[in-house]
Every structure is written in C-alpha cells, then in structure tokens.
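In what follows, chains carry the letters A, B, and so on, assigned in the order in which the sequence lines appear, proteins first and then strands, with residues in each chain numbered from 1.
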Number of protein chains: 2
Amino acid sequence: MLSKKTQYAFRALAHLALNYGKDPVRISTIALKEKIPLKFLENILVELKNVDLLESKKGKGGGYSLKISPKKINLATVIRVINGPIALLPCVSLNFYEKCTDCDEETCGIRKMMIIARDSTLKVLEKKTLNDIIIAKD
Amino acid sequence: MLSKKTQYAFRALAHLALNYGKDPVRISTIALKEKIPLKFLENILVELKNVDLLESKKGKGGGYSLKISPKKINLATVIRVINGPIALLPCVSLNFYEKCTDCDEETCGIRKMMIIARDSTLKVLEKKTLNDIIIAKD
DNA sequence: TAATGTCCTACCAAAATAGTAGGAATTAAT
DNA sequence: ATTAATTCCTACTATTTTGGTAGGACATTA
Ligand code: FES
Ligand code: FES
C-alpha cells in the first residue's frame, strides 16, 4: 500500500493541477482545503519541487504551482518520488533494483511472475496522469 | 513492496510445490535449502496452515505439505495472507477495505485511477499460481 | 516412554511512518 | 530600510511495522 504521505502528495498535486496556469497556491491553503497536516505537507511539497514537478515562489503572493502540464505528470513518477519502488520485489524494480539475498535470479520463478505483475501495474500507472485524476472527478 | 516474510513464504511454498504428492517436508529442511531463518519460517508456515493452504504432520516422518494442488494456489491469495492488501489505497482494497479519512469517495479521481491499477495487477496475480512459479524455472 | 517433529506465547531490536518544532532565507510591499 | 508573508532547512519525536529470537508445550510415532 502507498503511505499516507503519498496519498497526501496526490491530493496536493490534484489541487495544484486544478490551478495549473493560474496564480501559485499557498501551502496553508492546500493544507486547509485538502485537510493535510501543514508542516507535513511542507516536506512533501519541497520533495516534489526538488525533482522539478513543482515550482515555488516565496514572499507575498507566493506559493506552489505545477512546473509542467498535469497531462505530463504520470502516477508512477509521483509514487517513485514519494513512496519508492512500484515493483513487488527489489529484484524486479526498474528504478530501485537490489539483488535478492539467497535467491538465484536466473532460475527464480517467483521473480519471473513478479516481472509480469510489475509490467501490468506499470502499464496503468505510467499511462495515467494528474490530468486523468482531475477529469475523473465528474 | 512485499515484506521479506512474504518472499520467504513464496520460496517455501515453491519448495513444497515441487514435493506435492510426496512425503511431507520438515521445516528444518526447507529452512536449510531455501536459506530462511528457521524460527521465522515456523511462524510463516503455521499461518499458511491456518488458512488451509498447507497441512502438517507431527512426530517422526512429519513435516509440511501443500493441502491443495499448486495449480490452485494463486499468488494473490498468498500475498493477502502474509502481506496484506494488494491495492495501493485502503479505499480500493477488495479484501481489506477501509475508508480514506478526509477524502470523498464519490468524487475522488485518485481512487478511480487506483481501481484501474488494482484490477490490472490482480489480473496477473490471481491468474498466476505456484505451479507457474515452478515451471518458470526452466 | 523416548525421540521427533510441529505449535504456541512471548519477547526484542531495528527500521519505517507520520508527524512536530523552530527558525533561517527570500521576496514583495510599505 | 523595515516589515510582513511565504517557502525552506535541520532536527527531533512518538508510534507502528518488520524481522526476527527464545523457550517450552503439545502431538505423533517407534
Ligand atoms: S531473485 Fe528475487 S525473488 Fe528470487
Ligand atoms: S477516497 Fe481514497 S483516495 Fe480519495
């Protein structure tokens, strides 16, 4: 399951997606509207900014906004930044690969199945975007 | 990601699948061959027994064996028993549903996307079985 | 009744999760 | 220049989950 932090990230990003092209939105506004703990949200938004999904402006009239179009931010990207690997096992992760201890990759049937599962999941998560989230509301 | 415990469970089950129809296998044998901590493995096997995937025999000549055919044990079942929910959010879990706090299910676009992702993942995990794991070795 | 095995209860340390606190840095308006 | 508004940074903390271990009770077979 995704962490609450990741769920918060999605809610915040969906909020910002609705404001794409408009003025920046303050953290406090997002926290209030989306009911996310303020200081926790601060951490999340900075992380998203550090990977260039968001941009920020300080001082009066400042806040956060999406750096790129909601159509170009897919769900897999967000999950990887905030939550980590999408694959079910480290040995099948594309972005966070680690060798399984005491298991031989060549002959491992578990691994082969988990590759199939991963590809099936990724097919959805890499195709669906923030834009799909906000249009799905209707 | 799946816990190490779940990965151990799969390794043990794959081992037992290869012995399906034969004599029961001792915990200590599985622990040794699959390199799983013995006492930890005990816990795992008891859990799998409690949901009727395994059967056990005590005393000399005893051990564990699959209670049903490896073709009838799918990966989703194993994951749910040892690891918990497969869905990415509590609000889209079929077997471990919980309401999201501060999020309205009717209008939530995040939820709608995660349902699609869940179905895609389940399509694989519910179709693939222990038998697929052991034949995939070749 | 002794040996062989599973089963049960309880405990433990390390890591991850879900935050909180306090202030520094930057920008904009006065 | 000063002040107010806002993000940004560092660090701390409590709770839960993970990944085990220990010791013996219970059941089965020879
Ligand atoms: S190599 Fe990763 S599970 Fe076997
Ligand atoms: S209802 Fe579960 S994420 Fe919105």
Side-chain angles (χ1 to χ4, degrees), chain A residues 1-12 16 23-32 34-65 67 79 81-85 88-90 96 98 100-102, chain B residues 1-12 16 23-32 34-65 67 79 81-85 88-90 96 98 100-102:
Chain A
M1 293 241 291
L2 301 176
S3 62
K4 292 195 75 174
K5 188 177 175 185
T6 309
Q7 200 181 329
Y8 290 153
F10 275 121
R11 298 231 297 266
L16 290 170
D23 286 341
V25 186
R26 270 167 299 163
I27 300 179
S28 58
T29 303
I30 302 175
L32 192 72
E34 302 294 334
K35 295 192 184 166
I36 302 170
L38 180 84
K39 294 296 278 182
F40 198 23
L41 181 57
E42 279 188 19
N43 303 333
I44 295 168
L45 295 181
V46 167
E47 282 186 61
L48 292 169
K49 187 205 153 182
N50 288 338
V51 295
D52 287 324
L53 291 177
L54 300 181
E55 61 190 354
S56 65
K57 214 182 141 189
K58 291 180 184 177
K60 182 154 196 176
Y64 278 95
S65 39
K67 195 168 183 179
I79 292 174
V81 169
I82 305 294
N83 209 73
L88 291 171
L89 292 175
F96 300 84
E98 278 180 72
C100 285
T101 45
D102 303 321
Chain B
M1 295 242 289
L2 300 176
S3 61
K4 291 196 76 173
K5 189 178 177 185
T6 308
Q7 201 181 330
Y8 290 154
F10 275 121
R11 299 232 295 268
L16 290 170
D23 286 341
V25 186
R26 271 168 298 165
I27 300 179
S28 56
T29 303
I30 302 174
L32 192 71
E34 303 294 335
K35 294 191 184 168
I36 302 170
L38 180 85
K39 297 294 280 181
F40 198 23
L41 181 56
E42 280 188 19
N43 303 333
I44 296 168
L45 295 181
V46 167
E47 282 186 62
L48 292 170
K49 187 205 154 180
N50 288 338
V51 296
D52 286 323
L53 291 177
L54 300 181
E55 60 190 355
S56 65
K57 214 181 140 189
K58 292 182 185 177
K60 186 158 193 174
Y64 278 96
S65 41
K67 194 167 185 181
I79 292 175
V81 170
I82 304 295
N83 209 73
L88 290 172
L89 292 175
F96 300 85
E98 277 181 73
C100 285
T101 46
D102 303 320

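The nearest whole Å value for the distance from the CZ atom in Arg26(A) to the P atom in dA28(C) is 15 Å. Regarding Asn43(B), its CG atom lies at a distance of 9 Å from the C1' atom of dG20(D), rounded to whole Å. Atom-to-atom, CG of Leu2(B) to P of dG19(D) comes out at 10 Å; the value is rounded to the nearest Å. Between the CD atom of Gln7(B) and the P atom of dG20(D) there is a distance of 11 Å, given to the nearest Å. The distance from atom CD of Glu98(A) to atom P of dA15(C) is 14 Å, rounded to the nearest whole Å. The nearest whole Å value for the distance from the CD atom in Glu55(A) to the P atom in dT26(C) is 18 Å. Regarding Met1(A), its CE atom lies at a distance of 10 Å from the P atom of dT17(D), rounded to whole Å. Atom P of nucleotide dT21(D) and atom CG of Leu38(B) are separated by 9 Å, given to the nearest angstrom.
Here the CD1-OH distance, from Ile82(A) to Tyr8(A), works out to 13.5 Å after rounding to the nearest 0.5 Å. Annotation: the span from Gln7(A) atom CD to Leu88(B) atom CG amounts to 11.0 Å, rounded to 0.5 Å. One finds the CG atom of Leu89(A) at 7.0 Å from the CE atom of Met1(B) (value rounded to the nearest 0.5 Å). A distance of 11.5 Å separates CG in Leu32(A) from CG in Leu41(A), rounded to the nearest 0.5 Å.
Considering only side-chain N and O atoms, Tyr8(A) lies nowhere under 4.0 angstrom from the phosphate OP1 or OP2 of dA18(C).
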Using the 3.5 Å cut-off, write out each protein N or O paired with an N or O of nucleotides 23-29 of chain D and the distance between them.
residue	atom	partner	partner atom	Å
dG23(D)	O6	Lys39(B)	NZ	2.5
dA27(D)	O4'	Lys58(B)	NZ	3.3

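When heavy atoms are screened at a 4.0 angstrom cut-off, Ile27(B) is found touching the sugar-phosphate backbone but no base atom.
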For residues 54-63 of chain B, dump all side-chain donor-acceptor pairs below 3.5 Å to protein atoms at least two apart in sequence or in another chain.
none

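Where Lys4(B) and Val25(A) each meet DNA chain D at their nearest nucleotide, the meeting point lying more 5' is that of Val25(A).
Applying the side-chain contact (heavy atoms from CB on, under 4.5 Å) rule to Glu34(B) yields the partners Arg11(B), His15(B), Ile30(B), Ile36(B); only residues at least two apart in sequence or on another chain are considered.
In this structure, Thr101(B) and Lys35(A) have side chains that are not in contact, with every pair of non-hydrogen atoms separated by 4.5 Å or more.
Listed by first and then second residue, the salt bridge (charged side-chain N to carboxylate O under 4.0 Å, His left out) pairs that reach into residues 39-48 of chain A are Lys5(A)-Glu47(A), Lys39(A)-Glu42(A), sequence neighbours excluded. Every pair tested for ring-ring contact (aromatic ring centres under 6.0 Å, His included) that includes a residue from residues 43-62 of chain A fails, sequence neighbours excluded, so the list is empty.
Taken together, the paired segments of DNA chain C that extend over three or more consecutive Watson-Crick or G-U pairs, each closer than 3.5 Å at both contacts, are C:1-30 with D:1-30.
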